[in-house]
Amino acid sequence: MRIELKTEIPGPRSRALMEQRRAAVARGPFHGTPIFVAKAHGAVIEDVDGNKLLDFASGIAVTNLGHTPADVVRAVQTQAELFLHTSFNVVPYEGYVALCERLCRVTPGAFAKKAFLANSGAEAVENAIKIARAHTKRQAVVVFDHAFHGRTYLAMSMTSKVGYRQGFAPFCPEVYRTPFPYTYRSPEPDASAWAMRELRELVLHHVGANNVAAVVIELVLGEGGFVDAPAAFVQELAGFCKEHGIVLVVDEIQTGFGRTGALFACEHYGIEPDLVTLAKGLGSGLPISAVVGRAEIMDAPVEGGIGGTFGGNPLACAAALAVLDRFEEGGGAILARIRAVGERIGARLAAWKERFPVVGDVRGIGPMRCIELVRDRETREPDKAAAGALAKYCYQHGLVVLGAGTYGNVIRLAPPLTLEDDELDEGLAVLEAGLVELGFGAQGAERRPGAPIVDGRNT
Ligand SMILES: Cc1ncc(COP(=O)(O)O)c(C=O)c1O
């Protein structure tokens, strides 16, 4: 057993730190779990009160190889003793180039590629748009309902959910939104056909295909609730973009580095996007992001047009190279193990759908899976309060989980992909006990009084 609770959660030291946080830190940053970490290793977080919790959030799908993986830590330590920073824009270094070479090699697409490094996911998305606009000399960007692309102004303008945008208008111009093929909530039986028809209508008749620089898509929505796009839609979208000279950008920031059981989600769909954006799992906790894609598109910005003081920091490059080593060693053996984790999660979640009426949908690819909670299976009315209560039950019983979804009614599973079967089972048992103890076990069963709502804003 990994979970060891010595105090109530949050414990006294975490509560005291939360008071200090309230006084010193701006209100804006949100916490899914009100504990403060002291150390973390593998799938376990130890808090400042000495409690050990299982981590099924991975710092928002970042620590895919677990916390503090020895090889990544060693690579960072080695680099730290050599130099910390020169800025790639002032005195370049080999690690940046080596990482770009590796990313060009491992990302989908049998064509000449180049890469560019930045610090955060939002920065990668913003740079992908700069690059696509410079290449196409067009302005419009098409994004999807339920998308999350970050919190900086353009990335936020491309993000769907009102909670991320409230109070920040005006947004960037030339961003157009179209329905995502969200099968569970599609107004038509064929979500792919519906979403594709809407996209064609928008692009061909309202914006003009010759004005569209890029379509940006998450193949599996992350913050939007782990909704996987149907393959038929994705393939048709890729063909449509090609036909109209539109740059197809796949945002693999949350799906990348094994999260779906493949190195990249694109591999499940058999598509080769023009550009991909990467971050999160790339650095295993060190802040780094990348845009990788067709060399002729990547070379469109003028010299000095993209870059930054810290982008592709040497420590983060060293971490990312160690991450790629791990995914490539033994011919990608780690991915077979990750897929087995996905199957184990999938089997357990499928059983919950049978057993708990509140579980309206279970879905996802590989280990990137979730449950969507509803008040009524017929109407599919989202049950945000149930998701909040379940997330709270989980951390109070030693499991860190993440909410998600535009309606705040999704619990996503994002454990370290390297966790052991018994760790996985122990965490899933907490979730299952929560579903039982909160009264979700039978249709019409009395619910316990609602707990404070965690609304799925986790980034
Ligand atoms: C798909 C996707 N794109 C972009 C981002 C933004 O990344 P960051 O928070 O590092 O700016 C996120 C973060 O959750 C994401 O999931």
Side-chain angles (χ1 to χ4, degrees), residues 142-149 158-165 175-202 215-237 250-251 254-255 260 265 268-269 346 349-350 352-354 356-366 368-391 401-414 435 440 443 453-459:
V142 173
V143 293
F144 290 87
D145 290 343
H146 309 288
F148 183 90
H149 296 295
M158 295 165 63
T159 287
S160 184
K161 185 173 171 175
V162 65
Y164 298 115
R165 299 155 55 97
V175 175
Y176 298 89
R177 200 173 305 287
T178 189
F180 187 87
Y182 191 155
T183 302
Y184 184 61
R185 297 199 172 276
S186 168
E188 296 182 16
D190 186 341
S192 292
W194 161 66
M196 201 59 217
R197 202 177 61 240
E198 294 282 327
L199 181 125
R200 282 180 188 280
E201 171 78 14
L202 175 75
V215 172
V216 185
I217 186 167
E218 296 164 84
L219 297 177
V220 186
L221 296 171
E223 303 308 301
F226 279 20
V227 187
D228 47 303
F233 175 82
V234 173
Q235 277 146 18
E236 206 177 331
L237 173 68
V250 172
D251 183 341
Q254 190 148 164
T255 50
T260 66
H268 297 289
Y269 290 90
L349 266 50
W352 293 353
K353 191 170 174 190
E354 297 301 310
F356 302 107
V358 73
V359 177
D361 195 25
V362 299
R363 56 173 178 257
I365 306 183
M368 188 170 180
R369 291 187 195 247
C370 73
I371 53 177
E372 174 158 357
L373 306 183
V374 292
R375 297 190 69 79
D376 179 322
R377 280 201 172 173
E378 283 297 306
T379 63
R380 303 186 177 188
E381 185 191 340
D383 198 340
K384 178 174 171 173
L390 189 56
V401 294
L402 281 174
T406 301
Y407 315 108
N409 65 324
V410 173
I411 297 286
R412 58 181 143 164
L413 299 185
L435 287 165
F440 299 139
Q443 198 91 48
I453 292 167
V454 176
D455 75 352
R457 282 176 296 147
N458 286 299
T459 52

Evaluate the side-chain proximity of [Y] to [X]: yes if any heavy-atom separation is below 4.5 Å, no if none is.
X      : Y      : result
Leu402 : Ile411 : no
Pro382 : Arg185 : yes
Asp228 : Thr260 : no
Thr255 : Met368 : yes
Arg380 : Tyr407 : no
Tyr164 : Glu223 : yes

Is atom CD of Glu378 surrounded by more than 12 heavy atoms (other residues, nucleotides or ligands) closer than 6.0 Å? no

With rounding to the nearest 0.5 angstrom, report the [atom1] to [atom2] distance, [X] to [Y].
X      : Y      : atom1 : atom2 : value
His149 : Thr159 : NE2   : OG1   : 6.0 Å
Tyr184 : Glu372 : OH    : CD    : 5.5 Å
Leu390 : Phe440 : CG    : CZ    : 6.5 Å
Ile365 : Leu219 : CD1   : CG    : 8.0 Å
Asp251 : Phe148 : CG    : CZ    : 9.5 Å
Glu201 : Glu198 : CD    : CD    : 7.0 Å

List in chain and number order the residues that pass side chain to side chain donor-acceptor pair (under 3.5 Å) with Trp194, two or more places apart in sequence or in another chain; answer none if no residue qualifies. none

Considering non-hydrogen atoms only, spot the tightest contact between [X] and [Y] and give its length.
X      : Y      : answer
Arg412 : Cys370 : CA-CB, 3.8 Å
Lys353 : Val359 : CG-O, 3.8 Å
Pro230 : Thr183 : CG-OG1, 3.9 Å
Asp145 : Phe180 : O-CB, 3.4 Å
Ala387 : Val410 : CB-N, 4.2 Å
Pro181 : Ala191 : CB-O, 3.8 Å

Of Leu202, Val216, Leu237, which is the lone residue that meets side chain to side chain contact (heavy atoms under 4.5 Å, CB included) with Val142? Leu202

Might you work through the side chain to side chain donor-acceptor pair (under 3.5 Å) test for His146 and Ser160, ending with a clear yes or no? CA-CA 5 Å; His146 309 288; Ser160 184; 5.3 Å; no

Residues two or more places apart in sequence or in another chain: which of them pass salt bridge (Lys or Arg N to Asp or Glu O under 4.0 Å) with Arg177? none

Determine whether Arg363 and Val227 satisfy the following criterion, side-chain contact (heavy atoms from CB on, under 4.5 Å), listing intermediate values before the conclusion. CA-CA 7 Å; Arg363 56 173 178 257; Val227 187; 3.7 Å; yes

Are the side chain of Thr406 and the backbone of Gly224 linked by a donor-acceptor contact shorter than 3.5 Å? no

Can any side-chain N or O of Asn409 pair as donor or acceptor with the backbone N or O of Leu373 at less than 3.5 Å? yes

Report the C-alpha separation of Phe226 and Asp361 in whole Å, then their side-chain angles, then the decisive distance to 0.1 Å, and conclude whether the side-chain contact (heavy atoms from CB on, under 4.5 Å) test is met. CA-CA 11 Å; Phe226 279 20; Asp361 195 25; over 6 Å; no

